[in-house]
Peer 1: 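Before I ask anything, let me first share the structure, which is written out below as structure tokens.
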Amino acid sequence: MPEGHTIHRHARKQREAIGGQTVETASPQGRFAAGAKRLSGRTLETVEAHGKHLFYRWEGGEILHVHLGLFGKFKLHRTSPAPPPTPNTRLTMQGDRATIYLAGPTICELIDPDAEALIRTRLGPDPLQNGSRRKKLEEFQRNLSRRKIPIGAALLDQGVVAGIGNVYRAEALFRTGIDPHLPANTLSSDAATRLWSESASLLKRGEKAGRIITVDLADVGARRRSDLEADERLYAYGRDGEPCRRCRTPISMTDMANRRMWWCGSCQPPGAGS
DNA sequence: GCTGCATGATGAA
DNA sequence: TCATCCTGCAGCA
């Protein structure tokens, strides 16, 4: 379930579990055999996330670049020994007391600092990264001002903002009441600011909780987040035809940027956000 | 058992 | 705009 919140959570958990340790690596599936052989026995210095990308720095200067894509998954085992990996496990990383398995990534490769820099220059600001909030917001607004595509498409462009995926784009637009069809460069400064703040707080909440929850409890009649049913956590995503949690208008669906997108035509009326 | 779909991204046409 | 790559699992026979 990899949007930015998941990736940052993986980075944090993996740093805690095997960071600073000597790590044995292997590739049961075989497709990363050469890389695993090269890394094995080295110290893993840090794990950093930028949007949906992970960068692992190893003793000796090697950089492991991982992108989960749509299907990729990590498993972190704190038992010793860990259960055996499945045959399609691309990479195993075994530290002192924890073992991490990676399967199904779009990218799992060794790169040099120049390649990492190039990847990072193509990524927009990441609401979950440290750094000046004002600078990141300004960069976000500059990126929006350069695009005529609908804001619903721009939010999936990792060069505009890094870490937002198909769930958060629908939810952030719903919560800010912005029409997803509005051209990105016509968003008002106020709407862009609210969109950035909303994206940041939703991603932070997701990173902490380990799952995406965007509803205000009052809108679903719950007292605690732990009381929420699985189908009560979101406002728009995946809810086509179901009543809006705020105004009861049926949620609409369309294709935007090759992915399905959901919104409320009443809470996000045409032109809202301009 | 098979089909289709998924919280992603790219490269060809 | 479409095909393609990566994997797992819900839904259906």
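Numbered from 1 within each chain, the chains take letters A, B, ... in sequence-line order. If you're wondering where the values come from, they're calculated on a predicted model, not measured in any experiment.
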Peer 1: In whole Å, what separates the P atom of C/dA3 from that of B/dG4?
Peer 2: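 Looking at atom P only, C/dA3 and B/dG4 are 14 Å apart.
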Peer 1: If I take atom CZ in residue A/Arg259 and atom P in nucleotide B/dA6, what distance separates them, rounded to the nearest angstrom?
Peer 2: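 Result: 9 Å.
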Peer 1: Heavy atoms only, 4.0 Å cut-off, all strands: where does A/Arg31 land among base, sugar-phosphate and nothing?
Peer 2: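 Result for A/Arg31 = sugar-phosphate.
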Peer 1: Using the ring centroid of each side chain, check whether A/Phe55 and A/His50 are separated by less than 6.0 Å.
Peer 2: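 For A/Phe55 and A/His50, the ring centres are not under 6.0 Å apart.
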Peer 1: How many Å lie between CZ on A/Arg239 and C1' on B/dT7, as a whole number?
Peer 2: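 It is 17 Å, rounded to the nearest whole Å.
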Peer 1: Which donor-acceptor pairs under 3.5 Å do side chains of residues 267-274 of chain A form with protein atoms, sequence neighbours excluded?
Peer 2:
| from | atom 1 | to | atom 2 | distance (Å) |
| --- | --- | --- | --- | --- |
| A/Gln268 | OE1 | A/Cys264 | N | 2.9 |
| A/Gln268 | NE2 | A/Leu173 | O | 3.3 |
| A/Gln268 | NE2 | A/Ile178 | O | 3.0 |
| A/Ser274 | OG | A/Gly271 | O | 3.0 |

Peer 1: If we take the P atom in both B/dC5 and C/dC2, what is their distance in whole Å?
Peer 2: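 It comes out at 15 Å once rounded to the nearest Å.
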Peer 1: With no hydrogens and no angle check, just 3.5 Å: does a side-chain donor-acceptor pair link A/Gln94 and A/Thr99?
Peer 2: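 Note: A/Gln94 and A/Thr99 side chains miss the donor-acceptor criterion.
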Peer 1: Distance check needed: B/dT7 C1' versus A/His10 NE2, whole Å only.
Peer 2: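 My rounded result for the distance is 11 Å.
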Peer 1: Separation of A/Arg169 atom CZ from B/dA6 atom P, in whole Å?
Peer 2: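 To the nearest whole Å, that distance equals 12 Å.
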Peer 1: C/dC5 P sits how many Å from A/Leu68 CG, rounded?
Peer 2: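 To the nearest whole Å, that distance equals 20 Å.
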Peer 1: Evaluate whether atom CZ of A/Arg205 has more than 12 neighbouring non-hydrogen atoms of other residues, nucleotides or ligands under 6.0 angstrom away.
Peer 2: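 Above 12, so yes.
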Peer 1: May I ask you to verify if any side-chain N or O of A/Tyr237 is less than 4.0 angstrom from the OP1 or OP2 atom of B/dT7?
Peer 2: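 Indeed, a polar side-chain atom of A/Tyr237 lies that close.
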Peer 1: Going by atom types alone, do A/Ser188 and A/Asp190 pair a side-chain donor with an acceptor below 3.5 Å?
Peer 2: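 No, no side-chain donor-acceptor pair sits under 3.5 Å.
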Peer 1: Choose from B/dT7, B/dA9, B/dA6 the nucleotide whose nearest atom is closest to any side-chain atom of A/Arg260.
Peer 2: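 Given the options B/dT7, B/dA9, B/dA6, the side chain of A/Arg260 is closest to B/dA6.
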Peer 1: If we take the P atom in both B/dA13 and C/dC5, what is their distance in whole Å?
Peer 2: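 Taking atom P in both B/dA13 and C/dC5, they lie 14 Å apart.
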Peer 1: Could you check how far CE of A/Met256 sits from P of B/dG8, rounded to whole Å?
Peer 2: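 Interatomic distance, CE of A/Met256 to P of B/dG8: 16 Å.
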Peer 1: For A/His53, enumerate each residue passing the ring-ring contact (aromatic ring centres under 6.0 Å, His included) test, keeping only those at least two apart in sequence or located in another chain.
Peer 2: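 Here the qualifying residues are A/His65, A/His67.
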Peer 1: By a 5.5 angstrom centroid cut-off and a 30 degree plane limit, is there stacking between A/Phe71 and C/dC6?
Peer 2: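 No; centroid distance or tilt outside limits.
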Peer 1: Provide, to the nearest angstrom, the distance between the NZ atom belonging to A/Lys73 and the C1' atom belonging to B/dA6.
Peer 2: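 Rounded to the whole Å, the gap is 9 Å.
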Peer 1: So, is A/His67 near the phosphate of B/dG8, with a side-chain N or O under 4.0 Å from OP1 or OP2?
Peer 2: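 For A/His67, the contact criterion (side-chain N or O under 4.0 Å from OP1 or OP2 of B/dG8) is not met.
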Peer 1: What nucleic acid atoms does A/Gln29 come within less than 4.0 Å of, heavy atoms only: base, sugar-phosphate, or nothing?
Peer 2: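 If one applies the 4.0 Å heavy-atom cut-off, A/Gln29 turns out to touch the sugar-phosphate alone, with no base involved.
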Peer 1: Contact class for A/Asn258 (heavy atom, under 4.0 Å): base, sugar-phosphate, or nothing?
Peer 2: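 Base contact - A/Asn258 has a heavy atom under 4.0 Å of at least one base atom.
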Peer 1: In whole angstrom, give me the gap between the P atoms of C/dG11 and B/dT7.
Peer 2: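 After rounding to an integer number of Å, I get 16 Å for this pair.
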Peer 1: Taking a pair as Watson-Crick or G-U wobble with both distances under 3.5 Å, which nucleotide is matched to C/dG11?
Peer 2: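 Answer to the pairing question: B/dC2, which forms a Watson-Crick or G-U pair with C/dG11.
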Peer 1: I want to verify a distance call: between B/dA9, C/dG8, B/dT7, whose nearest atom is closest to the A/Gln158 side chain?
Peer 2: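 Between B/dA9, C/dG8, B/dT7, the one nearest the side chain of A/Gln158 would be B/dA9.
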Peer 1: Looking only at side-chain atoms of A/Asn166, point me to the closest of B/dT7, B/dA9, C/dT7.
Peer 2: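 Looking only at heavy atoms from C-beta outward on A/Asn166, the closest nucleotide is B/dT7.
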Peer 1: Given atom CD of A/Glu3 and atom C1' of B/dA9, what is their separation to the nearest angstrom?
Peer 2: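 Result: 14 Å.
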